[in-house]
> 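Encoded as structure tokens, here's the structure I'll be asking about.
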Amino acid sequence: MADANVVSQANDGAASFHNALTPYISLTLAKAVGVAAADQLKRCFADIEAVCEAEEQPATSDFTRSPELKRAGARLQAMWYKRTLKPAWTDDTKFIDVQHHLVIALVRKGHLALHISDPKIKGPLRAALIGEADAGEPLTWLSPIPRTTMSAAFLQNGQARTLWLSGVHRRSATKADAKILAGQDLDYSLDPFDDQSFYWSAARSRNAALEITVGVSPKASRVWLGKAKSIEGFAASTALLINAVAAAKQEAAEPFRFLATPMEALDPAKVSRGYDLSILPPDMLDVGDEDAEAVNADAALVFTTNLVAEPADGSNLSVSIEINGKTIGTLTLEVAIGRDGKVKFKVSDPKPAGISDEAFSRVKALLGRGAGVNIRYDSGHSVSDRRVYAMRMPRIPFSHFEADDFGGYTVKQEKPNDLTKIGEEKSLFCWVQNTHKGWLACDDGANEKADFIHLDVSGAKPILSLIHVKGAKSDKAGRKLSVAAYEVVIGQAIKNLQWLDKQALAKGLSQAVRATNYWWKDGQPVAKEALVDAIENLGDNYIRQVIVVQPHVTEAAWAKAQAAENGVNRLRLDQLSTLLASAWRSCNGLGAEFKVIWAK
């Protein structure tokens with residue numbers, strides 16, 4: 001009976017422990033290789049204990065495992081332990097911090113999910129996942145989830161709310177090495193020019209299929225959500241994430257249109273003549289909760305260190321490490337590149353100069369680890385954070401156009417000879433006047449703000465549009481694409497972006513006195529002051545638009561050029577897309593929408 005009471009008390013204690021758990025859903029996802037599913041939980045905890053025991057400091061103790069649970073169709077078990085360490089702010093041994101850490105492992109559908117609160121374990125776990133640790137070391141039987149699988153599972157068709165971007169371009173004072181973006185749907189905010197030399201290292205996205213906002217860090221094989229309210233909620237959310245990974249198709253394309261993508265296949269011998277080497281500060285690598293003390297020390301060292309690189313054999317580099325203009329040591333950085341584009345680093349022939357050997361050793365360790373190490377090669381390749389990227393100018397797409405019906409109008413005629421006839425004839429000015437209800441002003445002439453200013457207050461938000469009009473170079477149905485037809489009108493649109501400010505526009509219109517100014521509301525003439533008042537009374541929450549009306553391009557000609565891989569028509573389309581995308585970029589930078597109207 002006494003033994004039964006002991007078992008009952010133990011069960012009650014385990015139940016009380018589980019009922020009190022409210023961990024963050026921050027998980028490393030992996031597949032097990034060579035370990036039976038029935039043994040994975042036991043092996044996982046044994047390996048984590050082995051990692052802790054191998055550390056000299058700080059000390060860990062009191063490892064305790066809970067009974068195995070079955071939740072949400074998965075096997076789950078928890079382990080907790082104690083870590084003692086001295087605070088980073090003192091060398092006095094009488095000050096001791098005691099931390100309590102939790103590990104939760106969940107097995108489902110051939111995958112293992114690990115929640116680890118101890119940042120000291122994150123480094124060995126990542127090293128095991130990416131193959132830095134020797135086979136047979138703890139946790140090396142875990143295999144990371146591929147980047148393409150993580151993308152397909154959590155980012156495809158989602159709305160990216162936060163992006164951590166790392167650059168693969170040569171370092172320059174005029175361009176950031178890395179940046180963090182935040183917004184509502186960042187795929188639409190990415191710059192097709194500036195952002196093509198960045199890749200995403202981590203992302204946080206609203207997944208419509210899963211109805212959750214999930215964070216993803218593929219290089220750490222990690223995902224994160226919010227804080228779980230119970231162990232049941234933790235298990236359900238973890239099972240949902242594993243289900244998404246298990247169902248994902250690896251061949252899915254990269255989720256963001258304009259960002260650089262890693263090379264999946266290459267000839268390593270073609271990567272040569274490295275000329276630029278840098279290390280991204282650790283606190284910019286991703287949002288992983290690494291050991292704060294080590295991260296801060298490494299980041300401070302990176303910011304004060306200058307790396308001078310010269311090409312060595314193949315993809316290797318001869319490196320001189322400088323601090324405050326003095327060389328503290330030299331080494332050879334061996335860069336082993338696989339045909340799959342993955343990179344491993346090894347430091348050889350280290351020669352400290354005796355000036356600051358501790359700093360030299362830390363930089364040497366960072367280079368050997370490879371996290372955040374960026375190298376530019378004269379062969380056109382770039383290595384960034386253990387992957388190879390090819391630097392090339394991709395085709396820049398443009399999709400912010402609308403094909404409209406200009407039937408009955410003369411597409412070559414920009415405006416009537418007599419501007420008092422606007423709306424009564426068949427010119428493009430007449431098309432604008434006939435198709436745009438609400439407030440409308442014609443400001444044609446020298447120093448014009450736009451051919452037309454349009455204010456639509458009928459929707460949920462007012463829309464203020466600057467409309468620029470240009471006649472087509474041909475009215476033949478089979479006319480081909482033309483870049484020249486858009487160059488002048490795009491230039492006019494860009495140089496007049498200042499008038500998107502309502503106060504500047506209202507003041508400018510109130511001072512307009514030339515005979516070529518005309519004013520309408522819903523197609524009927526009105527006094528200038530009425531439109532000026534309407535603009536002045538706008539709140540700040542209005543949509544700003546720049547519209548170019550140029551019907552030279554037809555929907556059929558665009559589709560034909562889009563289908564072609566090469567040829568003069570495809571070249572025209574690429575040039576036109578680049579021109580229009582550059583205008584979109586300028587407008588987008590001022591918070592304005594940009595649209596081109598061409599012909600059906």
Side-chain angles (χ1 to χ4, degrees), residues 183-185 187-192 397-406 414 422 428-444 448-470 486-509 512 517-523 531-553 576-577 579-600:
Q184 294 181 344
D185 194 347
D187 193 36
Y188 295 101
S189 303
L190 293 171
D191 189 318
F398 178 76
S399 58
H400 302 273
F401 62 84
E402 180 180 303
D404 225 311
D405 185 6
F406 289 90
E414 180 179 321
I422 295 176
L428 295 177
F429 271 38
C430 296
W431 179 86
V432 172
Q433 202 273 349
N434 291 331
T435 56
H436 287 71
K437 301 303 178 185
W439 297 97
L440 187 68
C442 176
D443 190 41
D444 181 63
E448 65 185 31
K449 300 158 189 65
D451 289 314
F452 290 91
I453 295 98
H454 182 234
L455 175 60
D456 182 1
V457 295
S458 63
K461 286 185 180 180
I463 303 174
L464 180 64
S465 304
L466 304 181
I467 304 174
H468 301 269
V469 182
K470 199 69 176 175
Y486 289 83
E487 288 175 333
V488 173
V489 69
I490 291 297
Q492 292 172 336
I494 297 306
K495 74 179 183 180
N496 284 302
L497 286 176
Q498 60 178 311
W499 300 113
L500 285 169
D501 177 73
K502 66 171 187 175
Q503 293 177 334
L505 181 61
K507 181 178 180 181
L509 289 177
N517 293 130
Y518 299 91
W519 321 85
W520 302 272
K521 183 179 182 184
D522 295 330
L531 175 56
V532 172
D533 286 344
I535 293 174
E536 286 181 335
N537 289 324
L538 276 177
D540 191 57
N541 190 20
Y542 64 95
I543 297 170
R544 298 150 176 86
Q545 275 191 346
V546 175
I547 300 174
V548 169
V549 178
Q550 168 49 290
H552 183 91
V553 169
L576 180 60
S577 295
L579 174 68
L580 299 179
S582 119
W584 170 87
R585 178 195 196 193
S586 298
C587 294
N588 190 58
L590 295 175
E593 299 174 0
F594 176 74
K595 180 173 66 174
V596 174
I597 297 177
W598 54 45
K600 283 191 177 180

> Specify the closest pair of heavy atoms between Q492 and H468, including all atoms of both residues, with the distance to one decimal.
O-CE1, 3.8 Å

> Which atom names give the shortest non-hydrogen contact between I535 and A506, and what distance separates them?
CG2-CB, 4.0 Å

> Nearest heavy-atom pair of S577 and P397: which atoms, and what distance?
CB-C, 4.4 Å

> Taking the side chain as every heavy atom from C-beta outward, state whether F429 and E414 have any atom pair closer than 4.5 Å.
yes

> When you compare the side chain of D451 with that of D444, does any pair of heavy atoms fall below 4.5 Å?
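D444 vs D451: side chains touch.
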
> With a 4.5 Å cut-off on side-chain heavy atoms, are I547 and H454 touching?
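Counting from C-beta outward, H454 and I547 never come under 4.5 Å.
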
> Classify the ring geometry of F398 against F401: parallel below 30°, tilted from 30° to 60°, perpendicular beyond 60°.
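Correct class here is tilted.
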
> Given Q545, which partner from the list I463, D456, L500 fulfils the side-chain contact (heavy atoms from CB on, under 4.5 Å) test?
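So the option named by the test is I463.
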
> Can you tell me how far apart NZ (K437) and NZ (K521) are? Round to the nearest 0.5 Å.
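Reported to 0.5 Å precision, the distance equals 13.0 Å.
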
> Would you call the rings of H400 and W584 parallel, tilted or perpendicular if under 30° counts as parallel and over 60° as perpendicular?
parallel

> Can you see which heavy atom on P551 is nearest to which on L428, and at what distance?
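Between these two residues, the closest heavy atoms are CD-CD1, 3.7 Å.
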
> Are any of the side-chain heavy atoms of V549 and F406 separated by less than 4.5 Å?
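Of all side-chain heavy-atom pairs linking F406 with V549, at least one is under 4.5 Å.
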
> Say you draw a straight line from NZ of K449 to CD1 of I467; how long is it, rounded to the nearest 0.5 Å?
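Separation between the atoms: 15.5 Å.
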
> Could you give the distance from CH2 (W499) to CD1 (I453), rounded to the nearest 0.5 Å?
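Reported value, rounded in 0.5 Å steps: 9.5 Å.
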
> Would you indicate whether the side-chain heavy atoms of D404 and W431 approach each other to under 4.5 Å?
yes

> Measure the shortest side-chain to side-chain distance between R544 and L590 over non-hydrogen atoms and say whether it is less than 4.5 angstrom.
no

> Nearest 0.5 Å, please: how far is CG in L580 from OH in Y486?
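Between atom OH of Y486 and atom CG of L580 there are 7.5 Å.
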
> May I ask you to test the V548-F594 pair for a side-chain heavy-atom distance under 4.5 Å?
yes

> Using modelled atom types only, decide if a donor and an acceptor are shared between the side chain of D443 and the backbone of F452 within a distance under 3.5 Å.
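Pair absent, no side-chain N/O of D443 close to backbone of F452.
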
> If you measure from CD on E448 to SG on C442, what distance do you get to the nearest 0.5 Å?
8.0 Å

> Looking at CD of Q498 and CG of L466, how far apart are the two atoms once the value is rounded to the nearest 0.5 Å?
10.0 Å

